[in-house]
Amino acid sequence: MVGLSIGEQHFVKGGIAQDLRTDGRKRLTYRPIYVETGVIPQANGSARVRIGGTDVIASVKAEIGRPSSLQPDKGKVAVFIDCSPTAEPTFGGRGGEELSSELALALQRCLLGGKSGAGAGINLSSLLIKEGKVCWDLYIDGLVISSDGNLLDALGAAIKAALTNTAIPKVQVSAEVADDEQPEIDISDEEYQQFDTSSVPVIVTLTKVGAHYIVDATTEEESQMSSAVSISVNRVGHICGLTKRGGCGLDPSVILDMISVAKHVSESLMNKLDSEISAAEACEDES
C-alpha cells in the first residue's frame, strides 16, 4: 500500500480532475510500453512486458492432455500468476497469494469469457487434437517482477505477446481405437505451427479516482481509487470479458460509458502492442 499525505492525495486527485496527472500524462494515456519475446527458452512461448515501472513475464507451456467430459471438442487453458515478494514487500505471504489468485481469476475471465465460453479470446476448439480423446493443455504462467500499478493490463499484454510467440508441435494421431482406449500420438520435433492470436484481446483497466476515470494507473493513483473496471477488447471491438474491483458501486450508465471509452482506447493500445511484438520478434529472429 502507498501511504500518501493529505497534500499528496489532493495533488494526485486535483491533477486527474484537471486532466494532467503527476507524471504529465492525460487521463487516457498509457505509459511507454516495452516488449521482449522468447525470454524463456524452455517454454513454447514467452514474453516480458514493461509498462512504466511495472515489469511482468508470461510464459506458455503446451502439454498433451485429455478434453473434459463436459467439453469433449475443446482443449484446456489454465492461468497461474505469481507476485514476487521482491516486486513489492506486501506480496510476501498471504497478501501475495490472494493477489495472485485474484489476478489469475480476472485474466481467466478476460481471456476465456463466461462459463459458456461466449466471447472467449482464446479459441479452445483450436487446441483439440481428437475429439474426446486428445487435446493440448495450455499452461499460462505470469510473474510480476516489479509493480507500479496496472498489473492486470500488463499481464494481459504479456500473455498476448507470449501467445504470439508460441509455437505448438504438429501431431499425428494413430488410426481408430476402441472408445475406452487412448490413441497413440506422434509429436513432431521439427514441424510447428504458430498459435492463432487474432482474437486474443487487450485488457483496458479504467480506474475511478474522484469523478473521473483514468487508464494505466500508477500505484499512487490506485491508492486513491474508489473502484476499477477491467474490460478485455479484441481486435474488432468485441468485449471478451469484464471484471470489477473496489467496494464502491457503479451506476450501469457509468459502466456503459467505461466500455465505450475502453473500446476507443483499446485500438491504440492494440496497435502499439502489435508494433512492439513485431519488433521484438524481429530482434529475436536476428539474435
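Heavy atoms only: backbone and side chains are in, while hydrogens, waters and symmetry mates are out.
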Test side-chain contact (heavy atoms from CB on, under 4.5 Å) applied to Ile64 and Asp137, step by step: CA-CA 6 Å; Ile64 293 293; Asp137 289 346; over 6 Å; no

Do Tyr30 and Leu20 land in one hydrophobic cluster if side-chain heavy atoms of ILVMFWY residues count as linked below 4.5 Å? no

Among Ile203, Val202, Leu111, which one satisfies side chain to side chain contact (heavy atoms under 4.5 Å, CB included) with Lys160? Val202

Ile145 side chain reached by Arg48 side chain, heavy atoms, under 4.5 Å: yes

Closest non-hydrogen atom pair between Ser266 and Val233, with its separation: OG-CG1, 3.5 Å

Rounded to the nearest 0.5 angstrom, the CZ-CD1 distance for Arg21 and Ile16 is 6.0 Å

For Ser232 against Cys110, the heavy-atom pair lying closest together: OG-O, 2.9 Å

Can you find a heavy atom in the side chain of Ile259 that is under 4.5 Å from one in the side chain of Leu242? yes

Measuring only between side-chain heavy atoms, which start at C-beta, is Val60 closer than 4.5 Å to Leu163? yes

Considering all heavy atoms, the nearest Thr219-Ser147 contact: OG1-O, 4.0 Å

After noting the C-alpha distance and the side-chain angles of Ile81 and Leu151, does the key distance pass the side-chain contact (heavy atoms from CB on, under 4.5 Å) rule? CA-CA 11 Å; Ile81 303 299; Leu151 285 175; over 6 Å; no

Do Thr207 and Gln224 touch side chain to side chain, with heavy atoms closer than 4.5 Å? no

Heavy-atom count check: over 12 atoms from other residues, nucleotides or ligands less than 6.0 Å from Tyr192 OH? yes

Determine the minimum heavy-atom distance between Asn165 and Gly45, stating which atoms define it. OD1-CA, 3.5 Å

Mind checking the CG-OG1 spacing from Asp153 to Thr205? Nearest 0.5 Å is all I need. 3.5 Å

Test: Glu222 and Arg245 ion pair at under 4.0 Å: yes

Which pair of heavy atoms, one from Lys13 and one from Val209, lies closest together, and at what distance? CG-CG1, 3.9 Å

Can you tell me which residue among Leu124, Leu128, Val77, Leu127 is in a side chain to side chain contact (heavy atoms under 4.5 Å, CB included) with Trp136? Leu127

Roughly how far apart are Ile214 CD1 and Asn150 CG, rounded to 0.5 Å? 9.0 Å

Is there side-chain contact between Thr243 and Leu152, with at least one heavy-atom pair below 4.5 Å? yes

May I ask you to check whether over 12 heavy atoms, not counting those of Gln9, lie within 6.0 Å of atom CD? yes

Pairing donors with acceptors under 3.5 angstrom, does anything connect the side chains of Asp148 and Thr54? no

How many angstroms lie between atom CD of Glu36 and atom CD1 of Ile57, to the nearest 0.5 angstrom? 8.0 Å

Could you check whether any side-chain heavy atom of Leu103 comes within less than 4.5 Å of a side-chain heavy atom of Cys83, counting everything from C-beta outward? yes

Would you find a donor on one side and an acceptor on the other, under 3.5 Å apart, between the side chain of Lys208 and the backbone of Gly210? yes

Starting from the C-alpha separation in whole Å, work towards a yes-or-no answer on side-chain contact (heavy atoms from CB on, under 4.5 Å) for Val254 and Val229. CA-CA 10 Å; Val254 173; Val229 175; over 6 Å; no

For Asp216 and Arg25, run side-chain contact (heavy atoms from CB on, under 4.5 Å): C-alpha distance rounded to whole Å, both residues' side-chain angles, the deciding distance at 0.1 Å, then the answer. CA-CA 10 Å; Asp216 190 22; Arg25 289 183 291 149; 3.3 Å; yes

Gap separating the CD atom of Gln18 from the CZ atom of Arg27, nearest 0.5 angstrom: 8.5 Å

What heavy-atom pair brings Tyr213 and Leu28 nearest, and what distance separates the two atoms? O-CD2, 4.2 Å

CG on Leu112 to NZ on Lys74, rounded to 0.5 Å: 10.0 Å

Going by chain and number, the hydrophobic cluster around Ile6 (ILVMFWY, side chain to side chain under 4.5 Å) further includes none

Would you check if Glu276 and Val49 make a side-chain contact, meaning some heavy-atom pair closer than 4.5 Å? no

